Amino acid sequence: MAQTMLSARIHEYQRPLVVEPVKMPSPRGEGIIVKVGGAGLCHSDLHLMNGEWKEAIPLALPKIPGHEVAGWVEEIGDSVPKGMFERGDLVAVFGGWGCGSCQICKRGDEQMCPIAKWPGLSQYDGGYSQYIAVPSYRFLIKVAAGTRLKPEELAPLTDAGLTPYRAIRRFRHMLVPGTTIAVVGIGGLGSYGIQYARMLAPNSTTIAIDRNDKKLEFARKLGADHAIRLSGSTRKEVKEITQGRGVDVIVDCVGAENTISVSVGLLSKGGVLAVVGLFGAQVCVPLMPTVINEYQITGSLWGNYNELCEVIELARQGKVKHTIQTFSLEDINDAINLLKSGQITGRAVITPN
Ligand SMILES: [Zn+2]
Ligand SMILES: [Zn+2]
């Protein structure tokens, strides 16, 4: 096996990634080396590369980012139970690497483990590389042989395709016939969010909200009943669509201060605003309407292992539409610039092999 692999690394914040050969990892204990078939490019990577999170997530540079990863099993550590994985198995990498033994992990929410680590967002390197060292086989989901799913389609499902799924799944009991769900921000996450809204709440009205007309057009193609511009008249339009009732569940995939304040103004009595995007710094909501209308404002973090299994199963059944643009590892900085300027429809995925 080669001694080095090609990787894209952060050497300095606010600088392009450096694509260079680095030492090939070897599997330790229960770890597995995965040959990367696809690694999705997330807005979180832009925040990370920009140095915005250097206090919250202190990294030893250079660091390989990339936390949406799928590929094939390459090398298997000595302590992995025999027969669980074979070289060449198609796998998706679950990103929330919890301890596995605390109460939160045991209840199934490893992504919320107090000591959870993320590939590319911790001491562990991520997927913008030919290979990634996954510290435990527990974080891999084997995709059944014979599937038509490609790793570049699987990779975004581990974050962009998972985060809105959890958010909508948590509140789908509220989405009875006659109710409305809105997805704010039709980027990587929102384009999956619209699809899950249709799947998990088939008798509710689905509204897509974005600033960009092209993305609204895209949301209509994905099944949104209404697609409206984020503007001064959003509230009026939503009131008309919902006959004055407001929106029962809003998933904000942007999380900017303005999207949150617009969203709160759209809620129905008892409505839920689930924020999954991380653009802003504060959630500011007006007190009086929040109290008298019993608004529920919540965050929702990524998704858990079982939810990822469900998402992959929906994709395996052909129910998820993948909109991806692939880029070679050498072109990763071009992909980053396109994402920054809002020119990616769906998800940009790096294919290093
Ligand atoms: Zn992400
Ligand atoms: Zn834990």
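Counting convention: from 1, in listed order, for ligands and their atoms alike. Remember, predicted model here, so these are calculated numbers, not experimental data.
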_CA sep, side-chain torsions, deciding dist, call: Lys35, Asn353, side-chain hydrogen bond (donor to acceptor under 3.5 Å, both in side chains)_ = CA-CA 8 Å; Lys35 182 176 179 179; Asn353 283 292; 4.8 Å; no
*Are His67 and Trp97 an aromatic pair by the rule of ring centers under 6.0 Å?*
no
*When you draw lines from the Zn ion (ligand 2) to SG of Cys113 and to SG of Cys102, what angle lies between them, to the nearest 10°?*
120°
*So, Glu20 and His11: side-chain donor and acceptor under 3.5 Å apart, yes or no?*
yes
*Are side-chain N/O atoms of Ser191 and Thr323 paired as donor and acceptor at under 3.5 Å?*
no
*Metal check, the Zn ion (ligand 1) vs His43 N/O/S, cut-off below 2.8 Å*: no
*Presence of N, O or S from Asp159 under 2.8 Å of the Zn ion (ligand 1)*: yes
